[in-house]
Protein chains: 2
Amino acid sequence: MALAMTSPPKGSRAARTRATEDRILAVALESFGTKGFDSVSLDDLAADLGITKQAILYHWSSKRALLDAVIDRAALELIIEFDGALSEDGSGWSRVESIVRRIFRVAMRRPELLGFIREISRIGGDASLRVTADLEPFVSRATAYFEREMDAGRIRRCDPGLLLVSAYSTVLGTATEVEVLRAVGIAPTLRSTVVRRRELLSFLYAAMVAPDFARSQALR
Amino acid sequence: MALAMTSPPKGSRAARTRATEDRILAVALESFGTKGFDSVSLDDLAADLGITKQAILYHWSSKRALLDAVIDRAALELIIEFDGALSEDGSGWSRVESIVRRIFRVAMRRPELLGFIREISRIGGDASLRVTADLEPFVSRATAYFEREMDAGRIRRCDPGLLLVSAYSTVLGTATEVEVLRAVGIAPTLRSTVVRRRELLSFLYAAMVAPDFARSQALR
DNA sequence: CGGTTCACTTACCAAGTGGTAAACATTTGC
DNA sequence: GCAAATGTTTACCACTTGGTAAGTGAACCG
């Protein structure tokens, strides 16, 4: 789909190499995330990039090695997208709200990124271990954050890991299970997305916020 | 993996044909659901079944035609698994609880079934339309059920379609996002599953049950 | 300038892909 | 009992797959 670079390449050789590898990783992430690893051949990727498959194999010794690189890149982008929300200001619920909005935004604008994580989990084996290792620092931060919020009584007490997974899969599911959404009769338009996000937020609010704290907030 | 039938086949020819097609569909559903449609070749399937790929192509004219048949079967099994829960007795929450337990059980015992639905949604196109059409009656029933519960004040009022998707993806996510679970440090053991289900139920309870109704129930 | 390194291409290849054609064995209808 | 229908196999085929080997032109470095 992407066009070959028409203009002659610019910059130092090292810079151009970096740029090429970047383009390959970006297209690979997009393709692997939407179509699946096995469904995308190196020839497909190369065609999308306007190069030959051997150019890809020059930068990575095998398709599997390319996958590893894409995993690292996906984890990095995921962390960049989400980690900032943990550092933002704001009290308990408003911060959770901003995290949810952020996940939602990513799910809407970059579904291939989240789809890719799912794809990796299905491939299993070394690939799973790699993404797990890559995401570990972020997961630790998020878990610690939830624990602090529970200690402060702003979020109902429960297993922080489960809360993280529940919130993640709820938002991710609501945002990405387009097929189920369509089956339920919710057209995936932009307008309906806003409605869904609002409903989802109140859903999560009821589930997460500690009752005592909520009562003291005059129902947000 | 499955062994070839050692004993000579029994029953009438029609019955044996049905049995063979059944076995093919079962193995195909399992493989497509866990490894993905493109990752499973007809030779792989045939080897698992102890037959040749041409035997499969005799019953369905192409791999794609086989996929359609698997879709129909998956939808049927899904409806069988879930639809009964909608007809069960019990008041508002207890019925929801039984539905959740049922989805959870399916996600634990037959992850390939739910994985297959996801796979279909990624393939998109005709395949998606087919599963949508297959599931429509069930979705209608479930939505109508939620609407009745809301009218009765036993479930907090919200969009019934969204509630269905939210509950579905929450349970499904919690039960199947093994990768994320592992990243969060929750080992996917059987023991931890029980704990997770209990926590999830209270999570959903807080999210779904109407506050007024919950208060009158002495906190379940 | 001249050689070396680098990024990439052209030319292949063996293995596997979905699918066809025809032979073969069993079972059914007459 | 026999021919026809049926389920399955063996034998192929054109095409795609990930990957290798060798060549090519430009950038880099002395």
Side-chain angles (χ1 to χ4, degrees), chain A residues 2-28 31-32 35-70 119 123 125-127, chain B residues 2-28 31-32 35-70 119 123 125-127:
Chain A
L3 292 151
M5 299 208 306
T6 53
S7 57
K10 284 189 171 184
S12 73
R13 183 147 73 179
R16 275 187 302 129
T17 299
R18 223 180 315 118
T20 300
E21 293 186 348
D22 236 52
R23 280 196 331 132
I24 296 175
L25 288 177
V27 172
S31 294
F32 291 164
K35 302 177 198 162
F37 181 66
D38 281 329
S39 307
V40 178
S41 71
L42 291 179
D43 283 311
D44 291 340
L45 279 182
D48 280 352
L49 287 158
I51 59 179
T52 62
K53 115 178 101 177
Q54 288 74 11
I56 299 175
L57 287 169
Y58 169 78
H59 294 279
W60 294 276
S61 59
S62 69
K63 192 186 181 186
R64 183 49 212 258
L66 170 63
L67 177 64
D68 284 344
V70 176
E119 172 71 4
I123 292 174
D126 298 342
Chain B
L3 293 152
M5 298 208 308
T6 53
S7 57
K10 285 189 170 184
S12 72
R13 181 146 74 180
R16 274 186 303 128
T17 298
R18 222 179 318 119
T20 300
E21 294 185 347
D22 236 52
R23 281 194 333 129
I24 296 175
L25 288 177
V27 172
S31 294
F32 291 165
K35 302 176 197 162
F37 181 65
D38 282 328
S39 308
V40 178
S41 70
L42 291 178
D43 282 312
D44 291 341
L45 279 182
D48 281 352
L49 288 159
I51 59 178
T52 62
K53 108 177 107 178
Q54 289 73 13
I56 300 175
L57 286 170
Y58 169 78
H59 294 279
W60 295 276
S61 59
S62 69
K63 193 186 180 188
R64 184 48 212 258
L66 170 64
L67 178 64
D68 283 346
V70 176
E119 172 71 5
I123 292 174
D126 298 341

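Convention: sequence-line order gives letters A, B, ...; per-chain numbering from 1.
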At their closest point, which heavy atom of [X] faces which heavy atom of [Y], and how far apart are they?
{"X": "A/Lys63", "Y": "A/Val40", "answer": "NZ-O, 2.7 Å"}
{"X": "B/Trp60", "Y": "B/Ala65", "answer": "CD1-O, 4.0 Å"}
{"X": "A/Ala28", "Y": "A/Leu45", "answer": "CA-CD2, 3.7 Å"}
{"X": "A/His59", "Y": "A/Thr20", "answer": "NE2-CG2, 4.0 Å"}
{"X": "A/Asp48", "Y": "A/Ser31", "answer": "OD2-OG, 4.1 Å"}
{"X": "B/Leu57", "Y": "B/Ser62", "answer": "CD2-CA, 3.9 Å"}

Sorted by number, the residues of residues 36-45 of chain A with heavy-atom contact under 4.0 Å to DNA chain D: A/Val40, A/Ser41, A/Leu42, A/Asp43
Value in whole Å for how far the P atom of D/dG7 lies from CZ of B/Arg23: 15 Å
Nearest-angstrom distance from the residue atom CG of B/Leu57 to C1' of D/dT6: 16 Å
Enclosure of A/Arg18 CZ (heavy-atom neighbours >12, cutoff 6.0 Å): no
Qualifying residues under side chain to side chain contact (heavy atoms under 4.5 Å, CB included), relative to A/Ala26, sequence neighbours excluded: A/Arg73
Protein-nucleotides 5-9 of chain C N/O pairs under 3.5 Å:
unit_1, atom_1, unit_2, atom_2, d
C/dT5, O2, A/Arg13, NH2, 3.4
C/dC6, O4', A/Arg13, NH2, 3.4
C/dA7, OP1, A/Thr17, OG1, 2.4
C/dA7, OP2, A/Tyr58, OH, 2.9
C/dA7, O5', A/Thr17, OG1, 3.4
C/dC8, OP1, A/Thr20, OG1, 3.2
C/dC8, OP2, A/His59, NE2, 2.5
C/dT9, OP2, A/Thr52, N, 3.2
C/dT9, OP2, A/Thr52, OG1, 2.6

